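Predicted model only: the values in this text are computed from it and were never measured.
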Amino acid sequence: MQLTQRQRRLCGSIAAAAAAGWFLLASTLISSSSSKDYDYIDGDLLRGGRHEFQDHRSLDLMPVKEVLRYRGFMKNVKAKPRHWWNDIDYGQRGLCGGAKCFFLSTSNPNNGYLISNAIDSKGRGFDETLKAYNYALELELKYNIRHFFSAPPFETITPWHFKHKLQGEYISFYEGAESLIIQPSHTAPEGSIIIRCYNDRVLYDRLGFIMRFMNQEAKQRLIGGLEDTISLVELEPRLVKDFQLMIGKDGQTYHLDLDRVEGGNPRRNERQFFAGCLENAIESVKKSMNENESTNENESSVN
């Protein structure tokens, strides 16, 4: 099969990975079948990664319109507590998706915890979360993608402190949850949006919204990221499932919610939704760039 120029550019690092990277991947990925790590913290059984949070990332599941708004909270940053349930902002609002909520760290708002029921509403559990984490590392190593995971996920009995500190919509969200899955993560850039391909409004309205904050350089960076994503999906067709991509105001692109490749929303899994989606998005960005250039030329001629 002949690779396009974009695919050759995207795969340029694979040769080096074959020499050294696969050893790193093999030593980094956690196997859910060959070995299970267990930790105990205050009597709670944990399954998965060790309870260490020196370098979290955080994935955001947004409020209305899936535009990140932090609104300047967390002015009084606390010292790092010992346990994750003492390090989350119980007063935040609106950071939930259909199956998970993201809680910002109170000791470092750049970090946080993506928390779901041990078995979520879509029937996904720890094994699916672990596969998503491993898949993100694999894609990062092979194709240099950006994602938000920072440490292996783990499963824990729901702490009493967590259940009794929840407020607002979070109370019903975690009602009856006997155990939880915690995925340490980095916080996504404020103002970021998620584009999807199953609906033109979700694609173009959100793209138009964030381009208002972009200069020409950021838009050019976005075009490159979209082109790389097209090539990536050709090589990793599972990513078509319930496709979604986060875009920052600087034009950077991020892959998220990778447990969708094991299922995802069945109404959004058809390849027909993805066909031509990002190509059209690229044309929309190019049109915006041309309009900006025309506006600048007209202003220059007037002056």
Side-chain angles (χ1 to χ4, degrees), residues 14 17 21-39 45-53 55-61 84 96-102 112-157 177-186 188 194 196 229 232-246 253-271 274:
I14 294 181
W22 291 114
F23 173 79
L24 174 62
L25 180 63
S27 63
T28 305
L29 298 185
I30 302 174
S31 171
S32 60
S33 57
S34 60
S35 65
K36 294 184 176 67
D37 291 332
Y38 293 90
D39 265 343
L45 176 63
L46 307 181
R47 182 157 72 99
R50 298 295 179 184
H51 191 79
E52 297 175 353
F53 299 98
D55 182 29
H56 311 261
R57 297 180 197 173
S58 61
L59 171 70
D60 284 276
L61 298 176
W84 65 267
C96 287
K100 313 162 199 167
C101 296
F102 178 73
Y113 310 90
L114 189 63
I115 303 177
S116 61
N117 292 339
I119 300 295
D120 66 24
S121 60
K122 299 179 182 178
R124 297 177 297 196
F126 178 79
D127 289 342
E128 287 74 22
T129 303
L130 184 60
K131 288 177 182 177
Y133 173 77
N134 287 343
Y135 191 43
L137 294 187
E138 181 182 346
L139 293 176
E140 181 182 24
L141 181 63
K142 291 172 67 176
Y143 309 114
N144 199 32
I145 71 155
R146 296 176 187 84
H147 62 86
F148 296 104
F149 300 150
S150 65
F154 60 88
E155 186 176 2
T156 175
I157 296 171
E178 297 181 358
S179 57
L180 303 170
I181 298 170
I182 318 296
Q183 173 61 73
S185 304
H186 273 309
I194 295 176
R196 306 172 189 263
T229 301
L232 173 63
V233 173
E234 290 175 357
L235 296 167
E236 299 284 341
R238 291 192 296 165
L239 291 172
V240 166
K241 293 185 176 181
D242 198 6
F243 178 81
Q244 48 197 280
L245 189 71
M246 181 173 282
T253 56
Y254 305 85
H255 293 265
L256 69 160
D257 203 13
L258 290 171
D259 52 1
R260 61 189 164 80
V261 302
E262 300 294 331
N265 188 325
R267 295 176 299 172
R268 303 173 184 171
N269 287 349
E270 291 85 352
R271 192 171 186 89
F274 184 78

Hey, what do you get for [atom1] ([X]) to [atom2] ([Y]), rounding to the nearest 0.5 Å?
X	Y	atom1	atom2	result
N117	K100	CG	NZ	12.0 Å
I182	F126	CD1	CZ	11.0 Å
I157	E155	CD1	CD	9.0 Å
L258	T129	CG	OG1	11.5 Å
D259	D242	CG	CG	9.5 Å
L139	L235	CG	CG	10.5 Å

* Taking the side chain as every heavy atom from C-beta outward, state whether D257 and Q244 have any atom pair closer than 4.5 Å. =>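 Of all side-chain heavy-atom pairs linking Q244 with D257, at least one is under 4.5 Å.
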* Are the side chains of L180 and Y113 in touch, meaning some heavy atoms are under 4.5 Å apart? ->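 They are not in side-chain contact.
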Show the nearest heavy-atom pair for residues [X] and [Y], with the distance to one decimal.
X	Y	result
R238	V261	O-CG1, 3.7 Å
L130	P153	CA-CG, 4.0 Å
H147	A136	CD2-O, 3.7 Å
A118	S179	CB-OG, 2.9 Å
A99	S116	O-CB, 3.4 Å

* To do: Using the six-membered ring wherever Trp is involved, compare the ring planes of Y254 and F148 and label them parallel, tilted or perpendicular (cut-offs 30° and 60°).
  =>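 Y254 and F148: parallel rings.
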Do side-chain atoms of [X] reach the backbone of [Y] as a donor and acceptor pair under 3.5 angstrom?
X	Y	value
R260	L239	yes
Q183	I181	no
E234	T229	no

* Qualifying residue for side chain to side chain donor-acceptor pair (under 3.5 Å) with Y135, from E140, H255, E236 ->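 By the side chain to side chain donor-acceptor pair (under 3.5 Å) criterion, Y135 pairs with just one of E140, H255, E236: E236.
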